[in-house]
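Numbers restart at 1 for each chain; the letters A, B, ... are given by sequence-line order, proteins then strands. For clarity, every value in this text was computed on a predicted model and none was experimentally measured.
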Protein chains: 2
Amino acid sequence: MKEGPDIAQIGSLIGDPARANMLTALMGGRALTATELAAAAGVTLQTASAHLAKLEAGGLLAQRKQGRHRYFTLADDRVGKLLEGIMGFAASRGHLRHRPGPKEPALRKARICYDHLAGDYGVRMLDSLIEAGSISVVGEGLSLTAHGEKQLGSIGIDVSGLRSNRRPLCRSCLDWSERRAHLAGSLGKALLSNFFEKGWARRTENSRSIFFTPEGERRFLTLFPLELGDGNPQLELDEKL
Amino acid sequence: MKEGPDIAQIGSLIGDPARANMLTALMGGRALTATELAAAAGVTLQTASAHLAKLEAGGLLAQRKQGRHRYFTLADDRVGKLLEGIMGFAASRGHLRHRPGPKEPALRKARICYDHLAGDYGVRMLDSLIEAGSISVVGEGLSLTAHGEKQLGSIGIDVSGLRSNRRPLCRSCLDWSERRAHLAGSLGKALLSNFFEKGWARRTENSRSIFFTPEGERRFLTLFPLELGDGNPQLELDEKL
DNA sequence: GAGATGCTTCGGTTACGATCGAAGTATGAA
DNA sequence: TTCATACTTCGATCGTAACCGAAGCATCTC
């Protein structure tokens, strides 16, 4: 018997295809019922029930009962972060499942990553904030500048409110589809909520992709402009790591 | 079939107890032979051989042949970082294997975490550097200050040389035994190498624990002092995340 | 060249965990 | 109260992957 953390325990929970599908579905940020998760996993309710029990016992999921419905979410941000890390690593080693179709470009363009914007638009948003001097990069850390606080305050982001909670304001999250970073943390979450509230964007049914309305898209691209061509503020991912 | 990174693939590679033992052994930072890894995993050579082939095909390990010996290492820093993340998460959920005995306190005191110092001494080193103003904390990022560059330069750390390579200089790494952060990145590695070169510390056989000589310990504690009691520069881990 | 050592491959065995049909429990609607 | 729906539990089945003995290959030593 070895000592220390039992990584096999965590690995085997994530390593079953049905459970992995459930976890991926929950990365969409919504609470899902057992029936929905069974469908997402492609197994019967009985099988799903057993898997959900294991994931909950292992500390990856939390359950909330509402009448006869059982709603499941990722247990906390740490699980989201863990799964993001494994997704980024899997992508870097070429372990990708691929289903060509209309959804794939949509997922690459804009999707939710647990609670923040990922995809091309998520990467662009971070790049633009860095380029504008609103976010500064320190090692692997991101920090909102005074300028950035003002800029985002002007679109209705309560930055001081966000600072008062314990969660990190800005966090870099590896974007597996763009192989570069997008913005996670409480600021990332607040920005995406802001876009939903303004009606610029909305979730799509049964998918992690995010749909921007034409007007929302226009406003988003105006708010987060990027200079054309080189001069992109991020180093390529595999150089940065 | 779902789209995106195949987290089940990575999860199942890590999820087998024998493979997990091998990966954990390799977190010691040394290249190990197939025979050594079989022993670490508690399986026969044939079983170990099959497992090593899978880990290599999956992108987690790299192999180097030397005569009839096959030496294995983690494929790169990303694998180390991934495993660190899983270890930290497993510890936070209580998934710990426990073998009471003389080695456990030694592992808690000082051990190697792939290529840098972990354990109580690793946490203390980072805390002290922050307290002294040698490292500043920005969000989740760590940055070496001018003062820090001077301080570490005085003990023989070539900081500008380290800055010139692509790897991040300072990186926060969750310490599963202390539940707080220690210093990873190229600076973390350089510091540990420095202690080895000075003879302050050395590896122990068949263990990830690190032994400090009495003189080395005295010098280490002098170089990285900590104020007594509260006022510790790091927030408690689960508050910070 | 023969023997030893490190490791891989082959083929067979077995245990275990995922799976689901059937039955049961809890909750909500008519 | 009865029926419907969401979900859990039980028990049986089956596939798969880990396991290892035996054989084979590559390299090193005497």
Side-chain angles (χ1 to χ4, degrees), chain A residues 1-2 6-26 30-73 95 97 206, chain B residues 1-2 6-26 30-73 95 97 206:
Chain A
M1 163 78 95
K2 310 298 176 183
D6 190 355
I7 61 172
Q9 180 81 269
I10 301 300
S12 65
L13 282 173
I14 297 169
D16 177 82
R19 290 196 292 271
N21 283 336
M22 293 176 176
L23 292 169
T24 301
L26 289 167
R30 291 187 183 94
L32 295 172
T33 65
T35 304
E36 289 166 335
L37 289 166
V43 295
T44 64
L45 268 171
Q46 305 89 296
T47 303
S49 193
H51 283 312
L52 289 167
K54 284 184 172 181
L55 288 169
E56 191 176 7
L60 276 78
L61 295 192
Q63 172 184 161
R64 190 179 74 247
K65 294 180 182 180
Q66 198 171 55
R68 61 196 178 199
H69 291 282
R70 302 284 179 270
Y71 286 94
F72 294 87
T73 58
H95 296 300
R97 293 182 298 181
N206 297 326
Chain B
M1 162 78 96
K2 310 296 177 182
D6 189 355
I7 61 173
Q9 181 80 269
I10 302 300
S12 66
L13 283 171
I14 297 169
D16 176 81
R19 291 196 290 272
N21 283 336
M22 293 175 175
L23 292 169
T24 300
L26 290 168
R30 291 187 183 96
L32 295 171
T33 65
T35 304
E36 289 165 335
L37 289 166
V43 295
T44 64
L45 268 171
Q46 306 89 297
T47 303
S49 194
H51 283 311
L52 288 167
K54 284 185 171 182
L55 289 169
E56 191 175 8
L60 275 80
L61 295 191
Q63 172 184 162
R64 190 179 74 248
K65 295 179 181 179
Q66 198 171 55
R68 60 193 179 202
H69 292 281
R70 300 285 178 269
Y71 287 94
F72 293 86
T73 59
H95 297 300
R97 291 182 299 181
N206 297 327

Inset, instruction - Round to a whole Å and report the spacing from CZ of B:Phe72 to C1' of C:dT8. - result: 10 Å

Legend entry - Minimum-distance pair of heavy atoms, taken over all atoms of A:Ala48 and A:Ala34: CB-O, 4.4 Å

Legend entry - Listed partners of B:Gln46 passing side chain to side chain contact (heavy atoms under 4.5 Å, CB included), at least two apart: B:Thr44

Inset, instruction - Would you confirm whether B:His95, through its side chain, and A:Gly58, through its main-chain N or O, come within 3.5 Å as a donor-acceptor pair? - result: yes

Legend entry - Test side chain to side chain contact (heavy atoms under 4.5 Å, CB included) applied to A:Arg68 - qualifying residues, sequence neighbours left out: none

Inset, instruction - Mind listing the closest non-hydrogen atom pair of A:Ala40 and A:Asn21 along with its distance? - result: O-CB, 3.6 Å

Inset, instruction - Name all residues meeting the side chain to side chain contact (heavy atoms under 4.5 Å, CB included) criterion together with B:Ala18; count only those two or more places apart in sequence or in a different chain, and write none if there are none. - result: B:Asp16, B:Ala41, B:Val43, B:His51

Inset, instruction - Applying side-chain hydrogen bond (donor to acceptor under 3.5 Å, both in side chains), name anything that partners A:Thr35, two or more places apart in sequence or on another chain. - result: none

Legend entry - Bend angle of the helix from C:dG1-D:dC30 to C:dA30-D:dT1, from helix axes over five pairs at each end, nearest 10°: 20°

Legend entry - Range on DNA chain D touched by chain A, heavy atoms, distance below 4.0 Å: D:dA4 to D:dT9

Inset, instruction - Using whole Å, report how far CG of B:Leu32 lies from P of C:dC7. - result: 11 Å

Legend entry - Nearest atoms (heavy-atom pairs only) where A:Ile14 meets B:Ile7: CG2-O, 3.8 Å

Legend entry - Donor-acceptor under 3.5 Å (A:Arg19 side chain, A:Ser12 main chain): yes

Inset, instruction - May I ask you to list the residues of residues 45-54 of chain B, by number, that have any heavy atom positioned under 4.0 Å from an atom of DNA chain D? - result: B:Gln46, B:Thr47, B:His51, B:Lys54

Legend entry - Single hit among B:Thr73, B:Leu13, B:Leu55 for side-chain contact (heavy atoms from CB on, under 4.5 Å) with B:Leu61: B:Leu55

Inset, instruction - Go through the structure and list residues passing side-chain hydrogen bond (donor to acceptor under 3.5 Å, both in side chains) with A:Thr33, not counting sequence neighbours. - result: A:Glu36

Inset, instruction - Can you sort out the partners of A:Glu56 under side chain to side chain contact (heavy atoms under 4.5 Å, CB included), two or more places apart, ordered by chain and number? - result: A:Gln63, A:Phe72

Legend entry - Contacting residues from residues 6-16 of chain A, given that a heavy atom lies under 4.0 angstrom of DNA chain C: A:Asp16

Legend entry - Spacing between B:Gln63 atom CD and C:dG6 atom C1', to the nearest angstrom: 12 Å

Inset, instruction - Rounded to the nearest 0.5 Å, what's the gap from CD on B:Gln9 to CZ on A:Arg97? Could you check? - result: 10.0 Å

Using a cut-off of under 3.5 Å, enumerate the N/O to N/O pairs linking the protein to nucleotides 25-30 of chain C.
residue : atom : partner : partner atom : Å
C:dT27  : O3'  : A:Arg68 : N            : 3.4
C:dT27  : O2   : A:Arg68 : NH1          : 3.3
C:dG28  : O4'  : A:Arg68 : NH1          : 3.3

